[in-house]
2 protein chains.
Amino acid sequence: MNIGEAAKASGVTAKMIRYYESTGLLRPAARRGNGYRDYGAVDVHELRFIRRARGLGFEMVEIAELLSLWRDRNRASRDVHRVASGHIEALQTRIAEMQGMVDTLSNLVTCCHGDDRPDCPILADLGGGVGAGQPLEPANKRRQHA
Amino acid sequence: MNIGEAAKASGVTAKMIRYYESTGLLRPAARRGNGYRDYGAVDVHELRFIRRARGLGFEMVEIAELLSLWRDRNRASRDVHRVASGHIEALQTRIAEMQGMVDTLSNLVTCCHGDDRPDCPILADLGGGVGAGQPLEPANKRRQHA
DNA sequence: ATCGACCTTCCCATCATGGTAAGGTCAAGC
DNA sequence: GCTTGACCTTACCATGATGGGAAGGTCGAT
């Protein structure tokens with residue numbers, strides 16, 4: 001199977017297949033006489049594995065570990081469990097961070113009029129505490145002669 | 001104020017201050033006779049603005065927009081509102097994606113024994129539907145002579 | 001004068017992915 | 001046999017935000 005066919009069969013682009021090989025995530029593919037890479041069902045299966053793992057947000061290093069466990073008949077499921085749990089924790093940490101951003105922003109957005117006027121609690125917050133905006137100007141000549 | 005002092009005062013590394021300048025997010029800093037960048041209170045204020053915005057997950061392009069609105073006395077808070085709302089939505093989309101990953105993984109992790117044995121629903125899932133793992137072998141000689 | 005701390009610019013690396021260019025190969029149709 | 005288009009190969013560049021480092025200039029204190 002050509003790399004293009006393997007790509008179609010696995011949902012991984014040819015580009016990424018070569019990349020995975022170059023980084024050692026995948027073992028070098030077999031080559032045919034013309035230098036073309038040659039893939040079989042096992043390879044496609046591994047590619048789908050990678051694709052699915054990427055879809056679950058695993059990083060390449062983690063996928064390398066998972067893939068190696070997958071290949072290893074002697075694996076302990078404990079190791080898989082550990083990798084997956086660690087990833088869940090990382091995801092939850094990141095989610096919590098982002099949720100915090102959402103909470104803060106939601107408050108600010110709720111308080112913002114969102115109209116023609118320049119006053120805006122969002123900018124005030126970003127400007128370093130309520131009251132900022134242009135606090136460094138003497139606050140004369142309001143609105144730049146318009 | 002030197003770049004180092006501005007960095008300390010703003011919480012933005014000197015490295016990033018230069019980077020922000022190079023990308024046009026910040027206007028070129030004033031220079032002293034020796035070529036050193038020279039910062040004032042206004043600059044530090046903008047740097048803090050950027051830092052806070054980064055902390056809320058805004059991308060550089062969005063920050064550029066926010067910063068320009070911040071500087072603009074004639075801004076309409078509507079524009080700030082729009083940028084912030086868009087960002088909230090992006091965050092929520094990403095959070096939902098990641099939460100989906102967490103949900104899937106949590107299910108799998110719960111089902112995984114996490115012991116010495118090789119059987120593992122996590123790998124089975126990654127391997128493309130339940131039942132995978134090494135389905136491409138005749139399934140004889142289980143557990144490789146151990 | 002010297003030393004350490006600072007500044008400057010420039011280059012490289014990250015991570016996963018896409019794009020592109022230059023060139024080889026193959027299969028189909030003429 | 002030759003052309004054409006689709007495919008393959010490698011190699012390089014770009015992304016976004018950040019860190020690291022080198023090579024060299026400057027400053028302030030001893």
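Values reported hereafter were calculated over all heavy atoms of this structure, with side chains retained and with hydrogens, waters and symmetry mates removed. Labels below follow one simple rule: chain letters A, B, ... track the order of the sequence lines, proteins then strands, and each chain is numbered from 1. Please read these numbers as outputs of a predicted model, since none were measured by experiment.
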task = Could you tell me whether the phosphate oxygens of dT17(C), OP1 or OP2, come under 4.0 Å of any side-chain nitrogen or oxygen in Thr13(A)?
result = no
request  = For Ala29(B), check side chain to side chain contact (heavy atoms under 4.5 Å, CB included) against everything at least two apart and list the hits.
outcome  = Glu21(B), Arg37(B), Tyr39(B)
remark   = Hits for side-chain hydrogen bond (donor to acceptor under 3.5 Å, both in side chains) against Ser106(B), two or more places apart or cross-chain, chain-then-number order -> none
task = For Thr104(B), check side chain to side chain contact (heavy atoms under 4.5 Å, CB included) against everything at least two apart and list the hits.
result = Arg52(A), Leu56(A), Leu108(B)
query = Do any pairs count as a side-chain hydrogen bond (donor to acceptor under 3.5 Å, both in side chains) and have a residue in residues 4-15 of chain B, sequence neighbours left out, and if so which ones?
reply = none
key: Nearest heavy atoms of Val109(A) and Ile122(A), plus distance in Å   = CG2-CD1, 4.0 Å
ask   = By a strict heavy-atom criterion of less than 4.0 Å, which residues belonging to residues 32-39 of chain A are in contact with DNA chain C?
value = Asn34(A), Tyr36(A)
For chain B, the stretch of DNA chain D it reaches, first to last nucleotide, under 4.0 Å of its heavy atoms = dA17(D) to dC27(D)
request  = Under 4.0 Å from any atom of DNA chain C, heavy atoms only: list the residues of residues 53-68 of chain A that qualify, in numerical order.
outcome  = Arg54(A), Glu59(A), Met60(A)
query = Which whole-number value in Å describes the distance from Ile17(A) CD1 to dT17(C) P?
reply = 12 Å
ask   = Taking CD from Glu5(A) and C1' from dC26(C), how many angstroms apart are they, rounded to a whole number?
value = 12 Å
inquiry  = Applying a strict under-4.5 Å side-chain criterion to I, L, V, M, F, W and Y, I'd like to know whether Tyr36(B) and Ile3(B) cluster together.
reply    = no
request  = Return the value, rounded to whole Å, for the distance between atom OH of Tyr19(A) and atom C1' of dG18(C).
outcome  = 12 Å
ask   = By side chain to side chain contact (heavy atoms under 4.5 Å, CB included), which residues pair with Arg54(A), not counting sequence neighbours?
value = Tyr20(A), Ile50(A), Met60(A), Ile63(A)
message = Once salt bridge (charged side-chain N to carboxylate O under 4.0 Å, His left out) is applied, what residue pairs with a partner in residues 55-67 of chain A remain, sequence neighbours excluded?
response = Glu65(A)-Arg82(A)
request  = Whole angstrom is fine here: how far is it from CG in Leu25(A) over to P in dT17(C)?
outcome  = 11 Å
request  = Rounded to the nearest angstrom, tell me the gap between atom CD1 in Ile3(B) and atom P in dA5(C).
outcome  = 19 Å
key: Contacts of type side chain to side chain contact (heavy atoms under 4.5 Å, CB included), residue Asp119(A), not counting sequence neighbours   = Arg117(A)
key: Pairwise salt bridge (charged side-chain N to carboxylate O under 4.0 Å, His left out) hits with a residue in residues 84-98 of chain B, at least two apart   = Arg94(B)-Glu97(B)
note = So ring-ring contact (aromatic ring centres under 6.0 Å, His included) across residues 87-127 of chain A, not counting sequence neighbours, yields Phe58(A)-His87(A)
